[in-house]
Number of protein chains: 2
Amino acid sequence: MTDLKYLELPQCPVATTALLIGDHWKILIIRELLNGTKRFSELAKGLDGVSNKVLSQHLKIMEIRGLIHREVYAEVPVKVEYSLTSIGWKLKPLIREMWKWGEIYKESIHTNDV
Amino acid sequence: MTDLKYLELPQCPVATTALLIGDHWKILIIRELLNGTKRFSELAKGLDGVSNKVLSQHLKIMEIRGLIHREVYAEVPVKVEYSLTSIGWKLKPLIREMWKWGEIYKESIHTNDV
DNA sequence: CAGTATCCATGAAGATACTG
DNA sequence: CAGTATCTTCATGGATACTG
């Protein structure tokens, strides 16, 4: 598994961000967690169609990179909660801009004014 | 090639944005074009390591989806310029947020405060 | 419940050579 | 110059079954 220490960050901050969350599932995971702490199964439900394997892989790498926090509760059956770290929360304005632009784009499609 | 008409946009605006520009190369192409009109070779140089094939594929799909404009000049040798459309320009705040967060993240790495 | 272990299919990307 | 055409390689994702 890719370790944080071996992840060469690009000079450009935009490229850095693209590298860290620049893919479909990670973006949606952040979106989910901006609504608060979630359990594994809750995340899976919110991310329609994601497989266990893919979801757990993304969560793991995002935890390693410091974006999310994983809390295990010693209950039976086991309970695991995922939440954003402080730096993860700082992605909120970015996701908000994605939301805004997505709405603008969808509107522009309807008016044929792409 | 995926046609705009057959691209089902998700309900969620965030997912829509993720679908349209949620990958490494597209983000960097937008970043480049926010600095102004560029020729194919200029883009290739700015996007270190991208192959002709991959670059032209992304440009084509982004043009189809209305994000960028392609202008061909009937010169010899031919000159082609790429620029953002009006809706493409509206990605500027989003890229700005990516820039800001990328800087924050890189800083946090240095201070071990991830 | 929250994953892991496999296996398979798909496709995105890279290198190279060639063309209008 | 600005691509296209191929071919190969590799990573990612999906389905399913199983486990602490």
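A note on names: the letters A, B, ... follow the listed sequences, proteins ahead of strands, and every chain is numbered from 1. Values below: all heavy atoms of this structure, side chains included; hydrogens, waters and symmetry mates excluded.
- Nearest-nucleotide positions on DNA chain C for A:V78 and B:V50 put A:V78 closer to the 5' end.
- Annotation for A:K79: atom NZ counts as buried by contact number, over 12 foreign heavy atoms lying within 6.0 Å.
- Ion pair B:K45/B:E42 not flagged as a salt bridge, since none of the NZ, NE, NH1 or NH2 atoms sits closer than 4.0 Å to an Asp/Glu carboxylate oxygen.
- Closest to the side chain of A:W25, from the set C:dA13, C:dA2, D:dG13, is D:dG13.
- Here B:H24 lies out of heavy-atom contact (under 4.0 Å) with every strand.
- In B:N35, the CG atom is crowded: over 12 heavy atoms of neighbouring residues, nucleotides or ligands sit closer than 6.0 Å.
- At least one side-chain nitrogen or oxygen of B:Y82 sits closer than 4.0 Å to the OP1 or OP2 atom of D:dG3.
- Put simply, the side chain of B:K53 and the base of D:dG3 share no donor and acceptor less than 3.5 Å apart.
- Residue contacts shown for B:Y73 are absent, as no nucleic acid heavy atom lies under 4.0 Å away.
- In this structure, the side chains of B:R31 and B:L28 come closer than 4.5 Å at one or more pairs of heavy atoms.
- We find that NZ of A:K45 is positioned 15 Å from C1' of C:dA2, with the value rounded to whole Å.
- In this structure, CD1 of B:I68 is placed 14 Å from P of D:dA2, rounded to the nearest angstrom.
- As rounded to whole Å, 7 Å separates atom P of D:dG3 from atom CG of B:L59.
- By the 4.0 Å N-to-carboxylate-O rule, A:E103 lies too far from A:K100 to be salt-bridged with it.
- Straight-line distance from the CG atom of A:D23 to the C1' atom of D:dT12: 10 Å, rounded to whole Å.
- Rounded to a whole Å, the CD1 atom of A:I61 is 14 Å from the C1' atom of D:dA11.
- Within the 4.0 Å cut-off from OP1 or OP2 of C:dG3, not a single side-chain nitrogen or oxygen of A:K60 is found.
- Within the structure, a side-chain polar atom (N or O) of A:S56 is placed less than 4.0 Å from OP1 or OP2 of C:dT4.
- Backbone-only engagement by A:V80 is indicated by non-hydrogen atom pairs under 4.0 Å involving sugar-phosphate atoms exclusively.
- Across C:dC7, C:dC1, C:dA2, the shortest atom-to-atom separation from the side chain of A:F40 is found for C:dA2.
- Out of C:dC1, C:dG3, D:dG13, the shortest distance to the side chain of A:V54 is found at D:dG13.
- If you check D:dG14, C:dA13, C:dA2 against the side chain of A:S41, the one that comes closest is C:dA2.
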